[in-house]
Amino acid sequence: MNGSNGDSADGRRTSRTGAATGASPGRRAAAPAARPRGGRVRMTGKQRREQLLDIGRSVFAERGYDGTSVEEIAERAGVSKPVVYEHFGGKEGLYAVVVDREMQLLLDMVTGALTGGHSRELLEQAAFALMDYIDTSTDGFKILVRDSPVAQSTGTFASLISDIATQVEDILGLEFKARGFDARLAPMYSQMLVGMVALTGQWWLEVRKPGKAEVAAHLVNLAWHGLEGMERHPKLVGDRKT
């Protein structure tokens, strides 16, 4: 449901603007909020929605979807369960919004980083963008690499890779044309390339060594020199041919 109605669903007294006046004392709000007499925090509907998104993001990253409950999110926010249902319709709705936000953030970071003219520089920028996202939005990446239980076309690691690959497909197609390769294969190769970077990022999330710059350099080394020596019509050398 629209979060503009405030916290009236938890049964507490509301002001004329619809904001609840009964939030538990001592709870830290996600955004600045008015503090009426008695020291209790009062939030607008928009502020409460953002607070629930921040808390939900943290809990989903920590416990996963199945391990997260509406009760825990409501408790951390200092509200009752009906408030969560009022804003998002339940855990599924909250999770879907968190996932969509993270995917858009990562896509914006990757596409915004592609400013260089040379293909190798573009590859470096894409690798750095993913590593930067993992470094600065660790909780978000933890959520994205888990399969989503929500029945939608987005929200899985595979769909994330596909979306990013689409962004770099045109760049790779131009590189193929310049080297005399079949540009129609660019979509397939973009999936391979982005998948390699994304899975490396998933591994780096746990170990954090070596540093981002070194990891990016090795990623580009493998991908670029692979392209340098790539055959126009590759064939298998083993016994299996089909």
Side-chain angles (χ1 to χ4, degrees), residues 30 50-69 72-73 76 91-92 94-116 120-150 152-169 171-172 188-227:
E50 290 302 316
Q51 181 207 32
L52 292 172
L53 284 168
D54 288 343
I55 292 173
R57 179 177 179 272
S58 177
V59 179
F60 285 131
E62 177 185 344
R63 303 184 182 277
Y65 179 84
D66 291 334
T68 298
S69 66
E72 181 173 5
I73 293 173
R76 292 196 187 189
K91 183 172 75 169
E92 295 87 353
L94 175 58
Y95 184 87
V97 175
V98 170
V99 168
D100 285 345
R101 281 189 171 195
E102 290 300 322
M103 291 188 69
Q104 190 60 54
L105 173 61
L106 178 52
L107 286 171
D108 289 345
M109 289 181 69
V110 172
T111 55
L114 301 178
T115 59
R120 177 163 182 166
E121 187 178 2
L122 290 169
L123 185 58
E124 289 180 3
Q125 290 167 348
F128 258 117
L130 178 61
M131 304 299 289
D132 284 339
Y133 171 77
I134 295 171
D135 196 25
T136 60
S137 187
T138 301
D139 282 352
F141 188 72
K142 286 180 179 178
I143 293 170
L144 291 180
V145 297
R146 295 187 178 105
D147 285 341
S148 169
V150 182
Q152 56 184 21
S153 60
T154 62
T156 67
F157 193 39
S159 65
L160 172 68
I161 291 174
S162 180
D163 286 346
I164 297 176
T166 300
Q167 304 294 325
V168 302
E169 184 179 307
I171 298 172
L172 198 58
M188 180 178 68
Y189 276 91
S190 66
Q191 293 282 343
M192 296 175 184
L193 184 61
V194 173
M196 178 185 72
V197 176
L199 287 172
T200 301
Q202 190 174 1
W203 163 82
W204 186 77
L205 174 66
E206 302 299 329
V207 297
R208 298 296 180 127
K209 292 181 180 180
K212 282 190 295 184
E214 188 173 350
V215 173
H218 284 288
L219 277 168
V220 174
N221 180 48
L222 175 60
W224 184 256
H225 289 291
L227 288 173

Where A198 and F141 come nearest, the two heavy atoms and their spacing: O-CZ, 4.1 Å
Side-chain donor/acceptor of E124 to backbone N/O of V220, under 3.5 Å: no
Approximate separation, where rounding is to 0.5 Å, of L105 CG and T136 OG1: 7.0 Å
Side-chain heavy-atom pair I143, Y95 within 4.5 angstrom cut-off: yes
4.5 Å side-chain heavy-atom contact, Q51 and R76: no
Approximate separation, where rounding is to 0.5 Å, of F128 CZ and M109 CE: 12.0 Å
Backbone N/O of G211 and side chain of W204: donor-acceptor pair under 3.5 Å: no
Side-chain heavy-atom pair L123, L193 within 4.5 angstrom cut-off: yes
Any side-chain donor near an acceptor of the partner, S137 and R101, under 3.5 Å: no
Spatial distance of atom CD1 (I134) from atom CG (L106) [nearest 0.5 Å]: 8.0 Å
Donor on one side chain, acceptor on other, D100 and Q104, under 3.5 Å: no
Minimum side-chain heavy-atom gap V99-M103 below 4.5 Å: yes
Heavy-atom closest pair, residues A113 and Q125: O-OE1, 2.9 Å
4.5 Å side-chain heavy-atom contact, M192 and M196: no
Any R208 side-chain heavy atom under 4.5 Å of D135 side chain: yes
Criterion side-chain contact (heavy atoms from CB on, under 4.5 Å) on T200 and M131, from CA distance to verdict: CA-CA 9 Å; T200 301; M131 304 299 289; 5.7 Å; no
Between CG on residue L205 and CD on residue Q202, distance to nearest 0.5 Å: 7.5 Å
Parallel, tilted or perpendicular, as decided by the 30° and 60° cut-offs, for the rings of F60 and Y65: parallel
L53 and R57, any side-chain heavy atoms less than 4.5 Å apart: no
